[in-house]
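Values reported hereafter were calculated over all heavy atoms of this structure, with side chains retained and with hydrogens, waters and symmetry mates removed. First the proteins, then the strands, lettered A, B, ... as listed; each starts at 1.
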Protein chains: 2
Amino acid sequence: MSDAALWSALADPHRRAIVALLLERPRPVGEIVEACGLSQPSTSKHLKVLREAGLVRVRQDAQRRVYALDPAPIAALDAWLEPYRRLWNRSLDALGRRLDETSDDT
Amino acid sequence: MSDAALWSALADPHRRAIVALLLERPRPVGEIVEACGLSQPSTSKHLKVLREAGLVRVRQDAQRRVYALDPAPIAALDAWLEPYRRLWNRSLDALGRRLDETSDDT
DNA sequence: TTCTTGCATTCCTTGACTGGAATATAACTG
DNA sequence: CAGTTATATTCCAGTCAAGGAATGCAAGAA
């Protein structure tokens, strides 16, 4: 659940695809394998990385394992993003002011 | 500026540290080298990755190159995060409801 | 218990990334 | 122009992650 694990988990495009799949609804491994076009072992390894980063949780259903998103780490990302978002808003403000000034020329 | 470049640029902890440094203020390479404790070449390579991901911009000042954050890619990350943030809010709501119900027991 | 299904783990190979040392380059200085 | 400063690039290991094939393992079915 460390920050580093979170970032490196999401750095991989296949894992981001899995996360997006799980955003729609929880799914068993088989569905994920089919959807992302990787081999089953490879998919299982990605799921392990996501699990260890705290991004997904597993529930056992007979022989199947149903994976679901855990929303908590998202909050961590959001918190990381916060100061940058402030920077972004400031620059939007600056752009707005510049546009206002420019509009005086017309 | 692709999504993939953005994620893999931020996947590295040194690069996140550089980004955090530049959040405070723009800095020349020398300062960044000193602050993150890497060799100058290694730092320059990280800066190149950040540049190619669109996260930073360079301004030349005599022999120095002053790097600054470009706030635009932050918006992309924020957009990516949006649907997950909604999920997170839903789960907070659910938690709130459960706590409300539990409070009836007292 | 034996067979099958669904998933995890191990082994191995390959390709990508990282860091430092050495080197190149561009801009200022005298 | 020669020298110096600030940064980028190249070269070269060492490390690590990713993918497939083969294998292991647990849970149900017969």
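Distance from the side chain of A:Ser42 is smallest for D:dG19 among the nucleotides C:dC7, D:dC11, D:dG19. Listed nucleotides D:dG28, C:dT9, D:dT10 differ in distance to A:Ala62; the shortest reach to its side chain belongs to D:dG28. Comparing atom distances between the B:Pro28 side chain and each of D:dT5, D:dT7, C:dG19 picks out D:dT7 as nearest.
At a cut-off of 3.5 angstrom, the base of D:dA8 holds at least one donor-acceptor pair with the side chain of B:Gln40.
Phosphate contact (OP1/OP2 of D:dA27, side-chain N/O of A:Arg65, threshold under 4.0 Å): absent. Distances shown here put a side-chain N or O of B:Arg15 below 4.0 Å from the OP1 or OP2 atom of C:dT18. Residue B:His46 has no polar side-chain atom (N or O) positioned under 4.0 Å from OP1 or OP2 of C:dC17. The side chain of A:Tyr67 places an N or O atom within less than 4.0 Å of a non-bridging phosphate oxygen (OP1 or OP2) of C:dA8.
Using modelled atom types, no side-chain atom of B:Asp61 and backbone atom of B:Arg64 make a donor-acceptor pair closer than 3.5 Å. Put simply, the side chain of A:Ser42 never gets that close to the backbone of A:Leu38: no donor and acceptor are under 3.5 Å apart. B:Arg16 places no side-chain N or O within 3.5 Å of a backbone atom of B:Ala9 that could act as its donor or acceptor partner.
Here the C1' atom of nucleotide D:dT5 and the CD atom of B:Gln63 are 6 Å apart, to the nearest Å. We find that CG of B:Asp61 is positioned 13 Å from P of C:dA27, with the value rounded to whole Å. For B:Ile32 and D:dT7, the CD1 to P distance is 9 Å, given to the nearest whole Å. Remark: P of D:dA17 and NZ of A:Lys45 are 13 Å apart, rounded to the nearest angstrom. Between the CZ atom of A:Arg59 and the C1' atom of C:dG6 there is a distance of 15 Å, given to the nearest Å. Rounded to whole angstrom, the span from the CD atom of B:Gln60 across to the P atom of C:dT25 amounts to 16 Å. Taking atom CD of B:Glu34 as the reference point, atom P of D:dT7 lies 12 Å away to the nearest angstrom. For A:Lys48 and C:dC7, the NZ to C1' distance is 13 Å, given to the nearest whole Å.
Donor-acceptor pairing under 3.5 Å is lacking for the side chains of B:Tyr67 and B:Arg59.
A tilted orientation is assigned to the rings of B:Trp7 and A:Trp7, their planes being inclined by 30° to 60°.
Residue-to-nucleotide proximity on DNA chain C shows that, of B:Pro41 and B:Val49, the 5′-proximal contact is made by B:Val49. A residue-by-residue look at A:Leu38 and B:Arg64 shows that B:Arg64 has its nearest nucleotide of DNA chain D further toward the 5' end.
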